[in-house]
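Here is the structure we will look at, set down as structure tokens.
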Amino acid sequence: MATGLLRLPNRRSPPKLLSVSLLILVPVCVIGIFTNGQKISYFFRPLWDKPPTPFRRLPHYYSENVSMEHLCHLHGWSIRSQPRRIFDGIIFSNELDLLEIRWRELNPYVSKFVILESNTTFTGIRKPLLFASNRARFAFVKEKIVHGVFPGRISSPGSYEDPFVLESLQRGAMNGLLLSAGISTGDLLIMSDTDEVPSPHTLKLLQWCDGVPPILHLELRHYMYSFEFPVDYSSWRATVHIYSPWTRYRHSRQTDLIFSDAGWHCSFCFRSLQEFVFKMTGYSHADRVKRMDFLNYSRIQKIICRGDDLFDMLPEEYSFKELIKKMGSIPHSTSAVHLPAYLIENADRYRFLLPGGCVRHKDFTTSP
């Protein structure tokens with residue numbers, strides 16, 4: 001009987017085109033995930049993160065020529081026989097222009113301006129004491145200023161220290177500086193960064209009314225780069241406190257109450273590109289500088305005028321609806337209404353903060 005040869009099944013080798021495609025696509029995908037991991041993470045944030053507990057918003061009533069007694073009554077409070085003292089406590093880095101606008105606006109209501117600066121950034125980079133060297137600029141409130149210097153730490157080359165630790169230590173040092181400034185129980189204390197500016201009428205209301213909650217967050221309208229780019233009302237970290245022996249200086253959530261429409265928060269609102277780079281490399285989120293070309297002056301200038309994100313990041317949102325709504329450039333605004341009065345009175349000096357003033361100087365110069 002004839003025997004046939006046993007034939008093995010025919011195994012076709014993968015097409016060369018598929019193999020080549022996989023060799024190209026797999027490394028490209030790996031590199032793409034590695035370089036855009038933060039964007040991918042932020043895009044899917046609604047799936048892996050939960051939003052914080054919503055604030056309970058307190059309505060804010062104000063109109064010109066309305067009596068303080070009536071305004072207090074509208075908020076469910078009562079008028080005081082005399083105003084509270086107000087202490088404005090801020091951690092200062094390099095925001096000289098915003099500091100002057102802030103103090104000019106709040107001067108009629110504030111008893112003491114308490115300012116703490118350090119000889120290093122939060123990331124451990126040595127920095128000059130900019131307020132101390134420009135103190136003459138603030139002679140208009142020289143009797144009210146209480147200035148302190150926090151001894152920072154210089155980072156060693158190649159080492160890493162969590163910048164939030166140094167930031168926390170500096171904020172903690174503010175407690176002692178406030179006591180040396182003479183703060184006492186019942187005074188009103190503002191805890192905020194330099195660029196988080198309460199409106200004057202908000203302070204006047206809280207100063208003259210009894211029944212104000214002991215701690216209130218301030219809802220500030222958030223702007224980016226200048227008042228030409230209004231973002232939203234998401235700024236909440238600024239707080240006001242009726243001071244007590246248990247009050248501690250912080251920049252985090254301290255209550256569920258937030259007072260609506262209480263001022264302005266102007267982020268990265270600098271006169272020069274050099275100041276942008278200084279903050280990008282020196283503040284607690286300096287890890288967002290993923291590449292050195294992020295610090296290129298021409299790149300930063302284009303981003304400022306377009307209203308794009310300095311760090312090429314997606315919005316930090318907890319729902320796809322809000323994330324998609326805020327993707328892309330911040331829309332330009334041509335309105336300069338309801339802004340700090342000192343800014344409008346000195347518009348020529350602060351043109352870079354107003355609509356149409358997006359072009360910046362390259363290097364830092366003191367304001368004229």
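Small disclaimer: the values here were computed from a predicted structure and weren't measured. Position 1 is the first residue of the sequence, and the numbers go up from there.
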Is the NZ or CZ atom of Lys127 both under 6.0 Å from the centre of the six-membered ring of Phe278 and within 45° of that ring's axis? no
Are side-chain N/O atoms of [X] and [Y] paired as donor and acceptor at under 3.5 Å?
X      : Y      : answer
Ser335 : Ser333 : no
Arg102 : Ser192 : yes
Ser329 : Asp308 : yes
His265 : Ser267 : yes
His201 : Glu64  : no
Arg349 : Tyr342 : yes

Lys290/Asp312 ion pair, N-O < 4.0 Å = no
Indicate yes or no: does Asp256 engage Arg56 in a salt bridge with an N to O separation below 4.0 Å. no
Ignoring hydrogens and geometry, is there a side-chain-to-backbone donor-acceptor pair from [X] to [Y] under 3.5 Å?
X      : Y      : answer
Arg171 : Tyr249 : no
Arg360 : Gln301 : no
Lys144 : Val110 : yes
Ser133 : Leu129 : yes
Ser260 : Leu58  : yes
Trp77  : Leu206 : no
Tyr243 : Phe87  : no
Asn107 : Arg104 : no
Glu105 : Ala341 : yes
Glu196 : Leu220 : no

Less than 4.5 Å apart, side chain to side chain, heavy atoms only: is that true for [X] and [Y]?
X      : Y      : result
Lys362 : Ser272 : no
Leu99  : Phe138 : yes
Ile101 : Asn346 : no
Ile304 : Ile300 : yes
Leu205 : His60  : yes
Asp97  : Phe352 : yes
Asp232 : Lys326 : yes
Arg57  : Tyr233 : no

Under the salt bridge (Lys or Arg N to Asp or Glu O under 4.0 Å) rule, collect the residues that match up with [X], sequence neighbours excluded.
X      : answer
Arg250 : none
Arg299 : none
Arg135 : none

Minimum heavy-atom separation for [X] and [Y], please, with both atom names.
X      : Y      : result
Thr121 : Gly282 : CB-O, 3.3 Å
Gln254 : His217 : N-NE2, 2.9 Å
Gly357 : Glu228 : N-OE1, 3.9 Å
Leu169 : Arg153 : CD1-NH1, 3.7 Å
Leu130 : Ser93  : CD1-O, 3.9 Å
Thr281 : Thr123 : O-OG1, 2.9 Å

query = Could you walk me through whether Trp264 and Leu343 pass the side chain to side chain contact (heavy atoms under 4.5 Å, CB included) check?
reply = CA-CA 12 Å; Trp264 313 272; Leu343 170 63; over 6 Å; no
Does one hydrophobic cluster hold both [X] and [Y], with members joined at side-chain heavy-atom distances below 4.5 Å?
X      : Y      : result
Met313 : Phe276 : yes
Leu189 : Ile115 : no
Val197 : Tyr350 : yes
Ile242 : Trp208 : yes
Leu116 : Val149 : no

Atom pair [atom1]/[atom2] of [X] and [Y] - distance to nearest 0.5 Å:
X      : Y      : atom1 : atom2 : value
Tyr61  : Leu71  : OH    : CG    : 11.0 Å
Cys266 : Tyr223 : SG    : OH    : 8.5 Å
Leu354 : Ile344 : CG    : CD1   : 5.5 Å
Ile190 : Leu106 : CD1   : CG    : 5.5 Å
Cys358 : Ile303 : SG    : CD1   : 12.5 Å
Phe92  : Gln170 : CZ    : CD    : 11.5 Å

*Step by step, would you call Leu166 with Phe150 a side chain to side chain contact (heavy atoms under 4.5 Å, CB included)?*
CA-CA 10 Å; Leu166 195 56; Phe150 177 76; 4.0 Å; yes
Whether Tyr225 and Phe229 hold their rings parallel, tilted or perpendicular, with breakpoints at 30° and 60°
perpendicular
Side chain to side chain contact (heavy atoms under 4.5 Å, CB included), that's the test. Do Arg80 and Gln207 meet it? Break it down for me. CA-CA 9 Å; Arg80 291 171 57 87; Gln207 182 179 49; over 6 Å; no
Checklist entry - After noting the C-alpha distance and the side-chain angles of Glu100 and Arg271, does the key distance pass the salt bridge (charged side-chain N to carboxylate O under 4.0 Å, His left out) rule? => result CA-CA 13 Å; Glu100 181 168 6; Arg271 183 182 295 272; over 6 Å; no
Answer yes or no: does atom NE2 of His332 have more than 12 heavy-atom neighbours from other residues, nucleotides or ligands under 6.0 Å?
yes
Check for me whether the distance between the ring centres of [X] and [Y] falls short of 6.0 Å.
X      : Y      : answer
Phe259 : His75  : yes
His285 : Tyr283 : yes
Trp103 : Phe131 : yes

Worksheet entry | From CA spacing to verdict: side chain to side chain contact (heavy atoms under 4.5 Å, CB included), Thr247, Ser244 | CA-CA 5 Å; Thr247 301; Ser244 79; 3.4 Å; yes
